[in-house]
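Okay, so here's the structure we're looking at.
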Amino acid sequence: MSGSVPVIEYDGIIGVADPGYSSGETNLNVFYESGDFTWILTSSALVLLMIPGVGFFYSGLARRKSALSLIMLSMLSVAVVQFQWFFWGYSLAFSHTGSSYIGDLSNFGLMKTLAQPSVGSSKIPDLLFCLFQGMFAAITPALAIGAAVDRARVLPCIVFIFIWSTIVYDPIAYWTWNANGWSFKLGGLDFAGGTPVHISSGAAALAFSVMLGKRTGYAKSAGLPYRPHNVTHIVLGTVFLWVGWFGFNGGSALAANLRAVMACIVTHIAASVGAITWVLLDYRLEKKWSVVGFCSGAIAGLVAITPASGFVTPWAAVIYGIVGGIGCNVATKLKFLLGADDALDIFAVHGVGGIIGNLLTGIFAADYIAALDGSSEIPGGWINHNYIQLAYQIADSVAGFSYAFVLTCIILFLLNLVPGLSLRVSPEDEDTGIDDVQLGEFAYDYVELQRHTSDITPTHIIHERSGSSKGSVPEKAAELV
């Protein structure tokens, strides 16, 4: 047990879908500890908070004319996926029965989803596990959909989120976390979503960038140079994500115990070290302390530690932060080699960062860290002399990336053939901006004409002059978008 409050051992039907009343108990709460309920409910809310964080982070990195659409797409991901999760997503990913690849529909519409011990842990019931994992399902397409920036229509994105969650996310989540899944049986270690969340979203973002094509004005060697339009939004998004990640990784212990605490500790260390690493890498080139670099490094560290957070020691988390920060920083150049317009570097941070985290887990996973929950037993990684573990991690990473990339390309290709679901806006609409054309609303109610107001001569001063226009500075239409 995870605490000192005695509970009754569940003695109802297990192994198949069942609401829990087969136990003969009328009060189904007696099988679980309130402390575990409290922690997982709180963690669910923290992960939900991360999704608007993704929107603000992407919005700040993008140009002003696409700022609101990125926040909107993140929130649409919440709404669309939560319906999909209720409809059949949870059943496909976490049914008690199924093949090695995907679950069945025994929990369709959340039927028989109540108090039976969950697939993830006997410490929490199906219903609570469904709530918690539903937030993971919602944030994953929100991470990927940032690749639509500046040039994708909203309606196809909505349809894509539903289909992608069903065909891509649910099977990967099943084979990674469900005891019937092939990777789980193989022995792959993924505590909180290195493959289902980060590698799959990074691969999907790369596929989205390739299938959509480059933005107008994109240069092969330099991309489409512009400054992030709102660094404050980037910081705000990073704060939401950093705080939410405590629930993301810590909650993945699926109980309130020492393993959850350790997951939070290593998460915080990796984020901090990743942020410092990226800042120093940027400083060596620009001699500036980049806020954007700090935020990007923190996210890189968080992504890298995700699959390992319930398996590694605090000293290993320092290595995750350093390697994750360096690896993702260098990976931002890959889009030029690949010829893909990944405007927000989603593939570099989430795809590459997830792969780094998975592979390092094969080296640094420790059996005594996993055992902190009082019940888990793993062979560990290289530090436990279990050298085959790295091969399992490679197999899981390659399978997840390949599956997500290929299936995403196929989904987008077929969607683009459906009348009314063409993926890309016209060049004229792209120039106008997605916010204006697709939403009819804007992130801001003004248009900045000049970054330095001192460069604009006030009108009343011009009128006071003796008719000469010499010395006046014309207003520039240099909108920074």
Side-chain angles (χ1 to χ4, degrees), residues 51 54 58 69-70 72-93 99 101-103 105 134 136-176 193 195-215 335 338-344 346-347 350-351 354 397-425 434 438:
I51 303 175
V54 171
Y58 286 171
S69 65
L70 289 166
M72 178 62 168
L73 286 172
S74 295
M75 298 311 297
L76 280 170
S77 182
V78 176
V80 173
V81 174
Q82 289 313 304
F83 171 75
Q84 187 269 356
W85 198 243
F86 150 79
F87 187 68
W88 60 23
Y90 176 72
S91 188
L92 293 175
S99 66
Y101 166 70
I102 194 169
L105 294 178
F136 284 65
I139 196 173
T140 306
L143 292 170
I145 208 68
V149 62
D150 285 343
R151 59 207 191 277
R153 297 174 60 233
V154 173
L155 178 59
C157 288
I158 295 174
V159 178
F160 169 81
I161 289 170
F162 186 93
I163 296 173
W164 189 89
S165 296
T166 301
I167 297 178
V168 179
Y169 178 81
D170 292 344
I172 297 178
Y174 178 89
W175 80 50
T176 302
T195 301
V197 177
H198 297 299
I199 292 178
S200 71
S201 63
L206 181 62
F208 218 120
S209 301
V210 171
M211 297 302 289
L212 271 180
K214 299 177 178 65
R215 291 165 295 167
K335 61 187 175 187
L338 298 172
D341 184 9
D342 182 13
L344 306 180
I346 302 168
F347 163 67
H350 293 278
S397 300
V398 171
F401 185 91
S402 303
Y403 181 83
F405 182 83
V406 173
L407 267 292
T408 302
C409 287
I410 293 173
I411 293 169
L412 291 172
F413 176 78
L414 295 177
L415 270 182
N416 201 44
L417 299 178
V418 178
L421 293 180
S422 57
L423 300 176
R424 187 160 179 160
V425 299
I434 301 300
Q438 290 286 298

Can you tell me how far the [atom1] atom of [X] sits from the [atom2] atom of [Y], to the nearest 0.5 Å?
| X | Y | atom1 | atom2 | answer |
| --- | --- | --- | --- | --- |
| Phe160 | Leu155 | CZ | CG | 14.0 Å |
| Leu412 | Leu407 | CG | CG | 10.5 Å |
| Leu344 | Asp341 | CG | CG | 9.5 Å |
| Leu423 | Leu417 | CG | CG | 9.0 Å |
| Ile410 | Ile163 | CD1 | CD1 | 12.5 Å |
| Tyr169 | Trp85 | OH | CH2 | 5.5 Å |

Side chain to side chain donor-acceptor pair (under 3.5 Å) partners for [X], two or more places apart:
| X | value |
| --- | --- |
| Thr408 | Trp164 |
| Lys335 | Asp345 |
| Asp150 | Arg63, Ser66, Arg215 |
| Thr195 | Asn358, Asp396 |

Considering all heavy atoms of both residues, which atom of [X] and which atom of [Y] are nearest to each other, and what is their separation?
| X | Y | answer |
| --- | --- | --- |
| Asn416 | Ser422 | OD1-CA, 3.3 Å |
| Ala340 | Val210 | CB-CG2, 4.1 Å |
| Ala147 | Ile346 | N-CD1, 3.4 Å |
| Ala144 | Ser201 | CB-O, 3.6 Å |
| Ile199 | Gly351 | CG1-O, 4.0 Å |
| Ala152 | Phe208 | CB-CE2, 4.5 Å |

[X]: what forms a side chain to side chain contact (heavy atoms under 4.5 Å, CB included) with it, not counting sequence neighbours?
| X | value |
| --- | --- |
| Leu76 | Met72, Leu73, Val154, Ile158 |
| Tyr101 | Ser99, Pro171, Trp175, Tyr403 |
| Val398 | Ile394, Ser402 |
| Ala404 | Val168, Ile172, Ser200, Ala203 |

In chain order, what residues pass the ring pair (Phe, Tyr, Trp, His ring centres under 6.0 Å) check against [X], with sequence neighbours excluded?
| X | answer |
| --- | --- |
| Phe83 | Phe87 |
| Tyr58 | none |
| His198 | Trp245, His350 |

Exercise for the section: Identify, with sequence neighbours excluded, every residue that meets salt bridge (charged side-chain N to carboxylate O under 4.0 Å, His left out) alongside Arg424. Expected result: Glu430
Exercise for the section: Mark yes or no for whether Asp170, through its side chain, and Leu92, through its backbone, hold a donor-acceptor pair below 3.5 Å. Expected result: no
Problem - Exam field: side chain Gln82 to backbone Ala138, donor-acceptor pair closer than 3.5 Å - result: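 Flag not set: sc Gln82 to bb Ala138 has no pair under 3.5 Å.
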